[in-house]
> 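Got a structure for you, written out below as structure tokens; questions coming shortly.
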Amino acid sequence: MSGILVIAEHRRGELRAAALELVSAAQAAKRGAADKVAVVLIADKPERLMPHVSVGGVDEIVTVKISAHDFDPDALESAVGALIAARKPSLVLIPHSIDSFGYAAALAAKGGFGFATDVFKLGYEGSEDSGQAGLVATRGGYGQKVNVEVDFPGKDTIVLAVRANTFKPPEGVSSPTVTEFTAPPVRSRLSSRSFIEVSSGDDVDMTAAEFILSIGRGIGEQANVERFQELAAAVGATLGCSRPIADAGWLPKSRQVGQSGKTASACKLYVAMGISGAIQHLAGMKHVATIVAVNADAGASIFSVARYGIVGDLFEIADALRTHFEPGS
Amino acid sequence: MKLLVAVKQVAALDEDFEIRADGRDVEADFLIRDVNEWDDYSLEEALKIKEAAASPVEVVAVSVGPEDADEALRKCLAKGADRAIRVWDEAIEGSDSIAIARVLAAVARKESPQMLFAGVQSSDHAFASTGVATAAFLDWPHAAVVANLTYTPGGDTAVFRRELEGGVLHEMQIECPAVLTIQLGINTPRYASLRSIKQAAAKPIEVLSLQDLGIAAPDVGESGSLSRVRRMYIPDKGRAEMIEGDVEEQAARLAQIIKDAIGGAA
Ligand SMILES: Cc1cc2nc3c(=O)[nH]c(=O)nc-3n(C[C@H](O)[C@H](O)[C@H](O)COP(=O)(O)OP(=O)(O)OC[C@H]3O[C@@H](n4cnc5c(N)ncnc54)[C@H](O)[C@@H]3O)c2cc1C
């Protein structure tokens with residue numbers, strides 16, 4: 001068992017950034033030069049994606065031609081399964097993404113491979129049981145309040161879904177060898193129909209906002225939204241929110257920051273009030289240079305990405321803050 | 001016609017919690033139990049389908065867990081689930097999401113529903129894999145992160161939209177029976193009335209053992225899992241500088257941080 005397979009994700013003909021991050025994750029897990037890193041392109045036109053994955057650290061590109069242009073979980077599961085059977089890799093890396101939510105667990109369950117999701121750290125360590133080095137993967141638990149190390153006793157092939165924005169994409173280019181792999185025929189039980197961009201009719205562009213005041217479920221009820229609208233206006237911030245606020249319709253969906261919402265790309269100061277710091281929220285804002293978190297729970301995971309933290313009641317802080325921005329103050 | 005809804009009694013941590021002596025979980029005394037947030041939405045989706053259907057639809061809630069999972073199931077009954085099933089056996093202890101999926105699949109085989117709904121993930125461990133693994137054991141079609149569903153009970157296919165990164169929706173068609181994992185915001189979950197909560201307390205919960213489902217003990221627990229928890233620990237708190245003092249002092253400091261950052265515009 002050796003070799004690492006990186007399953008590259010693409011959408012609507014474009015490679016997704018996570019694919020390259022996984023190459024770096026593979027480098028981190030590599031046990032030596034014998035552990036070759038192969039990037040797997042499963043697509044209707046895999047050769048088109050090849051130039052984008054010829055990056056530093058890639059030894060081989062494996063192309064697998066399938067008929068589906070868009071996401072097809074049955075075809076992906078079958079192709080990766082066949083590839084594992086043929087190559088017996090020690091490790092298979094998949095992005096922890098919406099696409100992988102749709103097939104990775106089925107792949108692992110059917111093959112009986114070692115399996116963990118949302119992994120942000122991985123490496124081989126000595127194991128007490130066998131004295132042999134075994135793979136240890138670290139993920140979060142209990143709403144990211146603890147770290148959990150998992151291992152995979154007795155598993156020859158381990159499939160890990162790796163958290164996005166955890167590993168930096170590799171630098172440099174490479175000239176990997178290219179191998180074609182023929183996937184077994186599969187009758188897919190799903191078919192793709194269309195992609196729909198959602199617009200909410202709000203004209204604010206969160207991606208352009210430099211200062212965001214963002215509110216989460218901690219604000220309690222809809223009636224409280226207005227005072228934060230006023231506070232945001234007073235301090236000169238764009239009002240953003242976490243998902244529950246948008247799902248409830250208290251603010252338009254376009255204000256939602258996070259994985260399924262907007263990325264605060266231009267933001268320099270992000271004040272999060274009553275937001276716990278779920279990984280999907282962090283996906284849209286953890287890069288911001290100055291993050292201030294106000295939360296009643298000193299253990300909230302938002303504090304782990306914040307530059308400044310205030311443990312306290314957000315309403316009290318909001319009211320006191322407001323007095324510093326009254327006209328004439 | 002039957003819809004099966006998988007629900008989990010999740011655990012959140014008390015403010016001051018301690019890791020268990022064996023270092024592999026949090027001491028049970030510090031766990032606060034509740035129904036998984038995502039499961040409220042999957043139950044609601046099933047109830048909506050039932051209410052809109054021309055012919056009778058039975059909604060069955062199922063949970064794999066010890067007795068405290070009854071609380072989650074009672075909430076489902078109070079909201080309108082017709083039946084509730086709980087599966088437990090000491091041997092299930094230590095199961096990962098895949099071993100739990102094996103149990104759920106056995107329940108689905110027994111119940112033969114037309115659809116199985118699960119949450120996208122659970123709010124405690126967020127594996128995002130139980131529903132799709134259940135589909136694998138059943139050899140059923142599966143789809144994850146469903147944010148919109150058009151399905152007529154008994155139909156051979158359903159049309160759904162999965163929610164992608166950035167909020168873009170991808171519309172797909174799937175053959176039924178299928179397993180769908182349901183995303184937050186797909187609907188507005190109802191609240192149970194006090195009266196229905198009282199009534200639910202008197203309703204039976206069917207309890208099944210591994211034997212009832214024909215599952216061998218080694219197929220669950222650690223030996224039936226694809227991963228094993230080795231260690232749980234509290235991560236470093238990160239680089240946050242905590243702003244101390246009373247509310248006035250904290251707010252004054254925050255005001256200063258804002259004014260510095262935006263160039264004293266206010
Ligand atoms: C596929 C997928 C995509 C997702 N996309 C997104 C996304 O784009 N954006 C997003 O935000 N979420 C997203 N989520 C949801 C995410 O997992 C969380 O459920 C969500 O971020 C939680 O929002 P919250 O922090 O506001 O609420 P909670 O987690 O409920 O946190 C509320 C916080 O408020 C604090 N609080 C309560 N009262 C007070 C008070 N009086 N004063 C101070 N603090 C108080 C609490 O201590 C707590 O920390 C997604 C989930 C999935 C599975």
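Labels below follow one simple rule: chain letters A, B, ... track the order of the sequence lines, proteins then strands, and each chain is numbered from 1. Note that the structure is predicted; figures quoted are calculated from it, not measured.
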> Of the non-hydrogen atoms in A:Phe325 and B:Ala255, which two are nearest, and what is the gap between them?
CE1-CB, 3.8 Å
> Tell me, for A:Gln256 versus chain B, whether the close heavy atoms (under 4.5 Å) come from the side chain, the backbone, both or neither.
neither
> Kindly give the heavy-atom pair with the smallest separation between B:Phe127 and A:Thr117, and that separation in Å.
O-OG1, 2.9 Å
> Which donor-acceptor pairs under 3.5 Å do the side chains of residues 134-144 of chain B make with protein atoms, sequence neighbours left out?
residue: B:Thr134; atom: OG1; partner: B:Thr130; partner atom: O; Å: 2.7
residue: B:Asp139; atom: OD1; partner: A:Lys110; partner atom: NZ; Å: 3.4
residue: B:His142; atom: ND1; partner: A:Gly102; partner atom: O; Å: 3.0
residue: B:His142; atom: NE2; partner: A:Glu77; partner atom: OE1; Å: 3.4

> As an exercise, state the distance from CG of A:Asp247 to CG of B:Leu184, rounded to the nearest 0.5 Å.
6.0 Å
> Please determine, among A:Ser194, A:Ala289, A:Gly299, the option with the most heavy-atom pairs under 4.5 Å with chain B.
A:Ser194
> Measure A:Phe211 against the heavy atoms of chain B and call it side chain, backbone, both or neither at under 4.5 Å.
side chain
> Just give me the residue among B:Ile174, B:Ile234, B:Leu164, B:Leu254 that pairs up with chain A most often, heavy atom to heavy atom, under 4.5 Å.
B:Leu164
> Between A:Phe71 and B:Met172, what is the shortest heavy-atom contact and its length?
O-CE, 3.2 Å
> Ignoring hydrogens and angles, state whether a donor on the side chain of B:Asp25 or A:Tyr142 is under 3.5 Å from an acceptor on the partner side chain.
yes
> Quick one: what part of B:Ser227 sits under 4.5 Å from any heavy atom of chain A, side chain, backbone, both or neither?
both
> When you compare the side chain of B:Val120 with that of A:Phe101, does any pair of heavy atoms fall below 4.5 Å?
yes
> Just to be sure I understand the criterion: a residue of residues 13-22 of chain B counts if one of its heavy atoms is under 4.5 Å from a heavy atom of chain A. Which ones qualify?
B:Leu13, B:Glu15, B:Phe17, B:Ile19
> Do you know which of A:Val136, A:Val159, A:Asp297, A:Ile158 has the most heavy-atom pairs with chain B at a distance under 4.5 angstrom?
A:Val136
> First locate atom CD of B:Gln173, then atom CZ of A:Arg193, and finally report the distance between them rounded to the nearest 0.5 Å.
5.5 Å
> Pick whichever of A:Lys262, A:Glu210, A:Arg187 has the most heavy-atom pairs under 4.5 Å with chain B.
A:Arg187
> So does A:His324 get a backbone contact from the side chain of B:Lys259, meaning a donor-acceptor N/O pair under 3.5 Å?
yes
> So which part of B:Arg161 gets closer than 4.5 Å to some heavy atom of chain A, the side chain, the backbone, both or neither?
side chain
> Between A:Val150 and B:Arg230, is any pair of side-chain heavy atoms under 4.5 Å apart?
no
> Should we say atom NZ of A:Lys121 is surrounded by more than 12 heavy atoms from elsewhere, each under 6.0 Å from it?
no
> Between B:Glu244 and chain A, which part of the residue has a heavy atom less than 4.5 Å away: side chain, backbone, both or neither?
neither
> Let me know if B:Ile186 has heavy atoms under 4.5 Å from chain A in its side chain, its backbone, both or neither.
neither
> Taking A:Asp99 first and then B:Arg162, would you say they form a salt bridge - that is, a charged N and a carboxylate O separated by under 4.0 Å?
yes
> Under 4.5 Å heavy-atom distance to chain A, tell me which part of B:Arg231 shows up: side chain, backbone, both or neither.
both
> Given heavy-atom pairs under 4.5 angstrom as the criterion, report whether the side chain, backbone, both or neither of B:Ala252 touches chain A.
both
> Tell me, side chain or backbone of B:Val145 under 4.5 Å from chain A's heavy atoms, or both, or neither?
side chain
> Quick check on A:Lys145 against chain B: is it the side chain, the backbone, both or neither that has a heavy atom closer than 4.5 Å?
both
> Can you tell me which portion of B:Arg253 sits under 4.5 Å from chain A's heavy atoms? Options are side chain, backbone, both or neither.
side chain
> Roughly how far, to the nearest 0.5 Å, is the CD atom of B:Glu165 from the OG1 atom of A:Thr263?
10.5 Å
> Among A:Gly261, A:Ala116, A:Gly312, A:Gly140, which has the most heavy-atom pairs under 4.5 Å with chain B?
A:Gly261
> May I ask you to name which of B:Gln183, B:His125, B:Glu248, B:Gln256 has the most heavy-atom pairs under 4.5 Å with chain A?
B:His125
> Taking all non-hydrogen atoms of both residues into account, name the closest pair between B:Val247 and A:Glu316 and its distance.
CG2-OE1, 3.1 Å
> Sort out for me which of A:Ala106, A:Ala306, A:Ser260 touches chain B most, counting heavy-atom pairs under 4.5 Å.
A:Ser260
> Under a 4.5 Å cut-off applied to non-hydrogen side-chain atoms, are B:Met232 and A:Asn147 in contact?
no
> Side chain, backbone, both or neither: which part of B:Val10 has a heavy atom under 4.5 Å from chain A?
neither
> Sort B:Glu37 into side chain, backbone, both or neither according to what part of it lies under 4.5 angstrom from a heavy atom of chain A.
side chain
> So A:Arg139 and B:Val229, do their side chains get closer than 4.5 Å, heavy atoms only?
no
> To check you understand the geometry: which heavy-atom pair defines the closest contact between A:Thr290 and B:Ile257, and what is its length?
CG2-CG2, 4.3 Å
> Relative to chain A, which segment of B:Ile98 carries a heavy atom at a distance below 4.5 Å: side chain, backbone, both, or neither?
side chain
> Does A:Glu14 CD have over 12 foreign heavy atoms under 6.0 Å away?
no
> Can you confirm whether more than 12 heavy atoms, excluding those of B:Glu241, are under 6.0 Å from its CD atom?
yes
> Could you report the tightest heavy-atom contact between B:Ile258 and A:Leu269, atom names first, then the distance?
CA-CD2, 3.8 Å
> Return the option, out of A:Lys155, A:Lys268, A:His96, A:Gln144, with the maximum number of heavy-atom pairs under 4.5 Å with chain B.
A:Lys155
> For A:Ser301, is it the side chain, the backbone, both, or neither that has a heavy atom closer than 4.5 Å to a heavy atom of chain B?
neither
> Is chain B contacted by the side chain of A:Val311, its backbone, both, or neither, given a heavy-atom distance below 4.5 Å?
both
> Would you call B:Glu175 and A:Arg189 a salt bridge, taking side-chain N to carboxylate O under 4.0 Å as the test?
no
> So which of B:Gly185, B:Gly166, B:Ala99, B:Ser129 has the biggest tally of heavy-atom pairs under 4.5 Å with chain A?
B:Gly166
> Determine whether B:Met242 and A:Phe303 satisfy the following criterion, side-chain contact (heavy atoms from CB on, under 4.5 Å), listing intermediate values before the conclusion.
CA-CA 9 Å; B:Met242 300 313 273; A:Phe303 290 122; 3.8 Å; yes
> If I take atom CG from residue A:Leu190 and atom CZ from residue B:Phe160, how far apart are they, to the nearest 0.5 angstrom?
5.0 Å
> Measuring from atom CZ of A:Phe195 to atom NE2 of B:His170, what distance do you get when rounded to the nearest 0.5 angstrom?
3.5 Å
> Any heavy-atom pair between the side chains of A:Val146 and B:Val26 that's under 4.5 Å?
yes
> Less than 4.5 Å apart, any side-chain heavy atom of B:Gln250 and any of A:Ile317?
yes
